[in-house]
Engineer: 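Here it is, the structure, as structure tokens.
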Amino acid sequence: MEFVSPEGLRLDGRRPKELRQLKAELGVLQSADGSATFEMGNTKVLAAVFGPKEVEQRSQMDSTKAIVRCEYAMAAFSTGERRRGSKSNRRATEISMVIRNTLEDTIILELMPRTQIDVYVQVLQADGGTRCACINAAFLALADAGIPMKDMVASCAAGYLDSTTLLDLNYTEDSGGGPDVVVALHPGLDKVVLLQSDNKLSIETFEEVMDLASAGCKAVAAFMKEQLLGHVSTMSVAQAPPPGNT
């Protein structure tokens with residue numbers, strides 16, 4: 001299969017260094033302290049945050065900082081295919097740990113000792129880049145919950161197919177057998193908090209792919225910042241007293 005045409009276009013019409021369309025919405029669940037949906041192309045994720053709250057198992061309580069629990073799941077209808085249980089469970093456990101570690105590096109845990117923060121992330125529709133979308137959705141849900149953080153965290157992936165570096169792979173590209181690199185970044189601090197690669201790459205190619213993924217993270221961060229500012233503005237208008245009642 002040819003992933004990049006002679007005209008330099010990918011299967012979905014994008015240029016090699018072009019992100020898929022991004023969409024986000026905050027405050028989508030009334031039952032959660034914070035919630036958000038995040039879309040990267042046809043991949044759609046829902047995140048919900050509960051806390052900070054009292055630690056449920058006192059043996060896990062940390063007197064110096066909050067603890068973070070994370071649960072990742074894929075909706076049964078997310079891929080249109082029936083998934084095998086044991087393999088799906090192993091992947092869910094691994095991605096839950098990746099998201100939790102990334103969030104622990106982002107949240108100022110020391111401000112909330114003896115508490116826990118629960119983060120639930122569910123993939124509603126999967127078309128590649130699910131762990132990146134999950135991290136982005138979780139960040140927005142944490143922000144919606146008012147959880148203090150060191151910086152924004154944004155995630156994006158890049159890969160290498162047809163001797164071309166590609167940003168933000170969809171499922172077809174991700175299944176093409178080429179290597180990909182997942183990055184999560186604190187853009188304000190310019191600090192990498194997650195770096196995963198599923199294949200071997202030459203140093204030169206790895207640096208090129210990582211640089212592109214990092215640039216994608218910064219573009220995602222800029223988009224999420226716009227969404228957060230818009231959400232805050234909308235909330236301010238909604239909470240403002242009607243004219244004459246000041």
Side-chain angles (χ1 to χ4, degrees), residues 24-40 43-76 78 83 85-126 129-155 157 182-186 189 191-196 217 220 224 228 231:
E25 186 176 357
L26 285 80
V28 294
L29 297 175
Q30 289 187 345
S31 60
D33 293 310
S35 60
T37 57
F38 192 87
E39 299 179 44
M40 302 179 82
T43 293
K44 183 171 184 176
V45 173
L46 169 67
V49 170
F50 298 86
K53 60 182 184 176
E54 185 178 345
V55 178
E56 293 173 4
Q57 295 184 353
R58 294 189 64 84
S59 60
Q60 296 181 352
M61 186 173 67
D62 191 325
S63 62
T64 64
K65 62 183 180 180
I67 61 172
V68 178
R69 298 196 315 176
C70 183
E71 185 175 307
Y72 161 95
M74 290 186 70
S78 61
R83 291 172 286 111
S86 59
K87 186 176 181 181
S88 297
N89 290 340
R90 285 197 303 272
R91 185 171 187 271
T93 300
E94 182 231 334
I95 295 180
S96 295
M97 184 174 64
V98 167
I99 298 170
R100 188 191 75 226
N101 290 344
T102 303
L103 298 182
E104 285 178 339
D105 279 340
T106 303
I107 300 168
I108 307 177
L109 300 171
E110 294 76 15
L111 292 181
M112 300 163 287
R114 302 175 184 271
T115 66
Q116 78 178 45
I117 300 167
D118 293 342
V119 181
Y120 298 91
V121 186
Q122 183 161 48
V123 178
L124 303 178
Q125 188 166 288
T130 52
R131 74 184 62 196
C132 299
C134 286
I135 290 170
N136 297 330
F139 162 73
L140 290 175
L142 287 167
D144 185 45
I147 303 295
M149 290 178 273
K150 303 168 188 172
D151 191 4
M152 298 179 67
V153 62
S155 183
V182 177
V183 174
L185 190 71
H186 286 168
L189 301 172
K191 177 185 175 185
V192 173
V193 288
L194 171 66
L195 178 60
Q196 286 189 312
C217 289
V220 170
M224 293 196 295
L228 285 169
H231 180 65

Engineer: If I compare all heavy atoms of V28 with all of S35, which pair ends up nearest, and what's the gap?
Structural biologist: N-OG, 2.9 Å

Engineer: What are the two closest non-hydrogen atoms of A24 and F38, and how far apart are they?
Structural biologist: CB-CD1, 3.9 Å

Engineer: With rounding to the nearest 0.5 angstrom, report the CD1 to CG distance, I67 to D62.
Structural biologist: 8.0 Å

Engineer: Would you say L142 and V153 make side-chain contact, with heavy atoms under 4.5 Å?
Structural biologist: no

Engineer: Can you name the nearest heavy-atom pair linking D144 to H231, along with the distance?
Structural biologist: OD1-NE2, 3.1 Å

Engineer: Please determine whether a side-chain nitrogen of the Lys or Arg among E94 and R131 lies less than 4.0 Å from a carboxylate oxygen of the Asp or Glu.
Structural biologist: yes

Engineer: Between CD of E39 and NZ of K44, what distance do you get to the nearest 0.5 Å?
Structural biologist: 4.5 Å

Engineer: Got a second to check how far Q122's CD is from M74's CE, nearest 0.5 Å?
Structural biologist: 9.5 Å

Engineer: Take V121 and I95, measure what side chain to side chain contact (heavy atoms under 4.5 Å, CB included) needs, and give me the verdict at the end.
Structural biologist: CA-CA 10 Å; V121 186; I95 295 180; over 6 Å; no

Engineer: For the atom pair CZ (R114) and OG (S63), what is the distance rounded to the nearest 0.5 Å?
Structural biologist: 5.0 Å

Engineer: Please confirm whether the backbone N or O of D105 pairs with a side-chain atom of K150, one donor and one acceptor, at under 3.5 Å?
Structural biologist: yes

Engineer: Should we say atom CD of Q60 is surrounded by more than 12 heavy atoms from elsewhere, each under 6.0 Å from it?
Structural biologist: yes

Engineer: Give the intermediate values and the outcome of side chain to side chain contact (heavy atoms under 4.5 Å, CB included) for residues V119 and R100.
Structural biologist: CA-CA 8 Å; V119 181; R100 188 191 75 226; over 6 Å; no

Engineer: Could you give the distance from CZ (R58) to CD (E56), rounded to the nearest 0.5 Å?
Structural biologist: 12.5 Å

Engineer: T130 vs R91, test: side chain to side chain contact (heavy atoms under 4.5 Å, CB included). Steps then yes/no.
Structural biologist: CA-CA 12 Å; T130 52; R91 185 171 187 271; 3.4 Å; yes

Engineer: What heavy-atom pair brings M224 and A154 nearest, and what distance separates the two atoms?
Structural biologist: CE-CB, 3.7 Å

Engineer: Do the side chain of N136 and the main chain of C132 share a donor and acceptor less than 3.5 angstrom apart?
Structural biologist: yes

Engineer: Side chains of N101 and L194: closer than 4.5 Å at any heavy-atom pair?
Structural biologist: no

Engineer: Rounded to the nearest 0.5 Å, how far does CG of L185 lie from CD1 of I135?
Structural biologist: 11.5 Å

Engineer: For D151 and L189, indicate whether the former's side chain and the latter's backbone hold a donor-acceptor pair under 3.5 Å.
Structural biologist: yes

Engineer: Minimum heavy-atom separation for I117 to P52, with atom names?
Structural biologist: CG1-CA, 4.0 Å

Engineer: Tell me if a side-chain donor or acceptor on T115 pairs with a main-chain N or O of A66 at a distance below 3.5 Å.
Structural biologist: no

Engineer: Could you report the tightest heavy-atom contact between Y72 and A92, atom names first, then the distance?
Structural biologist: CD2-CA, 3.5 Å

Engineer: Answer yes or no: is there a donor N or O on one side and an acceptor on the other, between the side chain of S155 and the main chain of V183, under 3.5 Å?
Structural biologist: yes

